[in-house]
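Please find one structure pasted underneath; my questions will follow.
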Amino acid sequence: MRFSHTLSKTPFLAPIMASGSVSGSASLVWFRKGLRIHDNPALEYASKGSKSVYPVFVIDPHYMEPDPNAFSPGSALAGLNRIRFLLESLVDLDLSLKKLGSRLLILKGEPSEVVIRCLKEWDIKKLCFEYDTEPYYQALDKKVKDYASTAGIEVFSPVSHTLFNPVDIIQKNGGRPALSYQSFLKLAGQPSWASSPLSISISSLPPIADVGSCEITEVPTVEELGYRDYEQDELTPFRGGESEALKRLRESISNKEWVANFEKPKGDPSAYAKPATTVLSPYLKTYTNVDLSHHCICILCFVTLPFSPFLISLQFGCLSSRYFYQCLINVYKNVKKHTSPPVSLVGQLLWRDFFYTVAFATPNFDRMKGNRICKQIPWNNDDELLAAWREARTGYPWIDAIMVQLRKWGWMHHLARHCVACFLTRGDLFVHWEKGRDVFERLLIDSDWALNNGNWMWLSCSSFFYQYNRIYSPVSFGKKYDPNGNYIRHFLPVLKDMPKQYIYEPWTAPLSVQTQAKCIIGRDYPKPVVSHDSASKECKRKLGEAYALNQKLNGQVSEDDLKDLRRKLEEDKEQESGSRRQKQKL
DNA sequence: CGACGGTTGGACGC
DNA sequence: GCGTCCAACCGTCG
């Protein structure tokens, strides 16, 4: 089967003929990510030679239950938009499985306990699930695999979420991950499966046998999970699920020019699809009609990034990154010239693998302490500043508008992500990147453990990127793209009548102008929490000192060392302001 | 050890 | 819209 079918409406036909085999036994497919039928080796293997297949998804209440103390609607770990996106993906998966004569079995509880109970109850002989490199799944899967091995159950756990097996690449490099993109490219080379067909179509599945005493439910709605009093305008226009992802993918790759010429775009972080109303359906319609060439300037950089459901869908695995890769290569074959990594579309997929690989090889990748590749920096612990950033009241309209978009849409342009991440950490507020990471993780519908942590380290100059003198200006960066401030006016309606010349710095507007615009700074919209000029200078000074300490101690910076550095920085600051006062006296 | 390049900074001059 | 300077970081490679 050649890949040239990709562009046609008919999907590849590499059907798995498995049903009807009477001699087989029962298999369980455990879905976690990889919420798809196409290119799903775990599902394919389970269905081969089994007389019955149980497709299972376990809802962990810890992940889904409403948390009344959270700063926005959602659970402690996931915002409502993220939860909805996941549920939509599950509904779509259930529908697809039903078309194949099966269905998705939803169970609730601690996932390893639930899966082990199912293995016993259903007399499972084969357990199949996608391999996952995240520490959470590594620990979870160990419990389940340990049980399976004592019970004599075969476990099949293929790598199918990324282009490469991170283990292979780390081994090639003598046990250490590449820390730069270029060295990663050299190590990685071509994926082994690049020119062989992926299994992207299944004609039928073996049936589900008796479910015994296990409690099975349908995919719950957000209301059934206990979410009731949320604002309609806080709901994302993005829809989850494999069907939508594949549809969008096919539409996008049918534009060969766009795929071939995709280049690190001069992306416009202020571009957004202007909703006609707050009602969702026309909103969605407007958005899906947006010209992809302008808006799908999607870099997978901060997570996956994209203004497009098919790229967002990589996260939950509604779309296979390998299938996407093959589609892109297929387009490249049919055009005279095309762009290359890091700027090409394939280059974006490789960024994703880059972060997965380094994350897998780095203990404590999601924190500063004990993280070999992370600079030890004396971030402050200012909850007031953090809250101002999180709640879109820093007083910098460009920053606040982006934070509103994050909350409402669960998505913003990658350069917009850069701006707010830089502002929170090394640029202005000097708040710990882990705090910002938590907010993104919860609110982004495309957040991903490896990419999110990697990019927060990148933006905070903790790893990968170290040019801490380059700071995004919370005023001029956005102005470059959107001098009229339309993006700000949209997401911060309180500023909608502020004249163009003050929209990025409304505190500089004369009181008469503020009155005219019906927005008094300090009353209707906050004054800046810090002065960017002095705050950014201060940040550079602290980063310089912290880097020097890291170098001096060869990365072995203890908590006491950081405490000492904090004290020193405070003293220097007082001395400086003291000498400034003296100068003024003289 | 030194040179080189790094997916996307800002300000300024032209 | 492009080049230059600013100041000068890091990992990689020879």
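Per chain, numbering begins at 1; letters A, B, ... match sequence-line order.
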Exercise for review: Look at A/Glu538 together with A/Arg541 and state whether they make a salt bridge at an N to O cut-off of under 4.0 Å.
Suggested key: yes
Check your understanding: Got a salt bridge between A/Asp438 and A/Arg442, using NZ or NE/NH1/NH2 to carboxylate O under 4.0 Å?
Key -> no
Review point. Atom CG of A/Asn173 and atom P of C/dC13: how far apart are they, to the nearest Å?
Key: 8 Å
Review point. Do the side chains of A/Asp353 and A/Phe184 get nearer than 4.5 Å, heavy atoms only?
Key: yes
Check your understanding: Is any side-chain N of the basic residue among A/Glu505 and A/Lys479 closer than 4.0 Å to the acidic one's carboxylate O?
Key -> yes
Point to revise | Whole-Å distance separating the NZ atom of A/Lys537 from the P atom of B/dA11 | key: 11 Å
Check your understanding: Between C/dC9, B/dG10, B/dT7, which one does the side chain of A/Lys480 approach most closely?
Key -> B/dG10
Review point. Taking atom P of B/dT8 as reference, at what distance in whole Å does atom CG of A/Asn455 sit?
Key: 12 Å
Review point. If you check every side-chain atom of A/Gln467, which of B/dT7, C/dC9, C/dC10 has the closest atom?
Key: C/dC9
Check your understanding: Considering all heavy atoms of both residues, which atom of A/Val420 and which atom of A/Trp389 are nearest to each other, and what is their separation?
Key -> O-NE1, 3.0 Å
**Study point:** A/Val343 side-chain proximity, nearest of B/dT8, C/dA8, B/dT7
**Key:** B/dT7
**Study point:** A/Glu559 and A/Lys369: CA distance, side-chain angles, deciding distance, salt bridge (charged side-chain N to carboxylate O under 4.0 Å, His left out) verdict
**Key:** CA-CA 9 Å; A/Glu559 274 180 273; A/Lys369 217 179 119 189; 3.5 Å; yes
Practice item. For B/dT7 versus C/dC6, give the span between their P atoms, rounded off to a whole number of Å. Key: 25 Å
Exercise for review: Would you indicate, yes or no, if B/dA11 has its OP1 or OP2 atom less than 4.0 angstrom from a side-chain nitrogen or oxygen of A/Ser476?
Suggested key: yes
Exercise for review: Taking only the side-chain heavy atoms of A/Tyr472 (C-beta and beyond), determine which of C/dC13, B/dG9, B/dT7 contains the nearest atom.
Suggested key: B/dG9
**Study point:** Residue-phosphate contact under 4.0 Å: A/Gln182 side-chain N/O, C/dC13 OP1/OP2
**Key:** no
**Study point:** NZ/NE/NH1/NH2 to OD/OE distance under 4.0 Å, A/Lys542 and A/Glu570
**Key:** no
Check your understanding: Under 3.5 Å, is there an N or O donor on one side and an acceptor on the other linking the side chain of A/His418 and the base of B/dT8?
Key -> no
Review point. With the threshold set at 4.0 Å, does a side-chain nitrogen-carboxylate oxygen contact exist between A/Glu130 and A/Lys33?
Key: no
Exercise for review: Measure the distance from NE2 on A/His414 to P on B/dG9 and round it to the nearest whole Å.
Suggested key: 11 Å
Study note, to complete from the structure: Taking Watson-Crick and G-U wobble contacts under 3.5 angstrom, with | marking pairs to another strand and [ ] crossing pairs, the secondary structure of DNA chain B is written ||||||..||||||
Check your understanding: Which class fits the ring pair A/Phe355 and A/Trp458: parallel under 30°, tilted 30 to 60°, perpendicular over 60°?
Key -> perpendicular
**Study point:** Distance between P atoms of C/dA7 and B/dG6 (Å, rounded)
**Key:** 23 Å
Exercise for review: May I ask you to verify if any side-chain N or O of A/Lys186 is less than 4.0 angstrom from the OP1 or OP2 atom of C/dC13?
Suggested key: yes
Practice item. Round to a whole Å and report the spacing from CG of A/Leu345 to P of B/dT7. Key: 17 Å
Review point. Looking at C/dC9, C/dC10, C/dT12, which one has an atom nearest to any side-chain atom of A/Ser180?
Key: C/dT12
Check your understanding: Counting side-chain heavy atoms from CB outward, which of B/dG9, B/dT7, C/dC10 is closest to A/Arg470?
Key -> B/dG9
Exercise for review: Starting at atom CH2 of A/Trp458, determine the distance to atom P of B/dT7, rounded to an integer number of angstrom.
Suggested key: 5 Å
**Study point:** Proximal nucleotide (of B/dT8, B/dG10, C/dC10) relative to the A/Ser473 side chain
**Key:** B/dG10
Check your understanding: When you compare B/dC4 with C/dA8, how far apart are their C1' atoms, in angstrom units rounded to a whole number?
Key -> 14 Å
Exercise for review: Could you tell me whether the side-chain ring of A/Trp351 sits stacked on the base of B/dT7, using a centroid cut-off under 5.5 Å and a plane angle under 30°?
Suggested key: yes
Review point. Looking at A/Lys540, does any N or O in its side chain come under 4.0 Å of the phosphate oxygens OP1/OP2 on C/dC9?
Key: no
Review point. In whole Å, what is the span from the CZ atom of A/Arg541 to the C1' atom of C/dC9?
Key: 18 Å
**Study point:** Proximity to the side chain of A/Phe477 - top-ranked nucleotide from C/dG11, B/dG9, B/dG6
**Key:** B/dG9
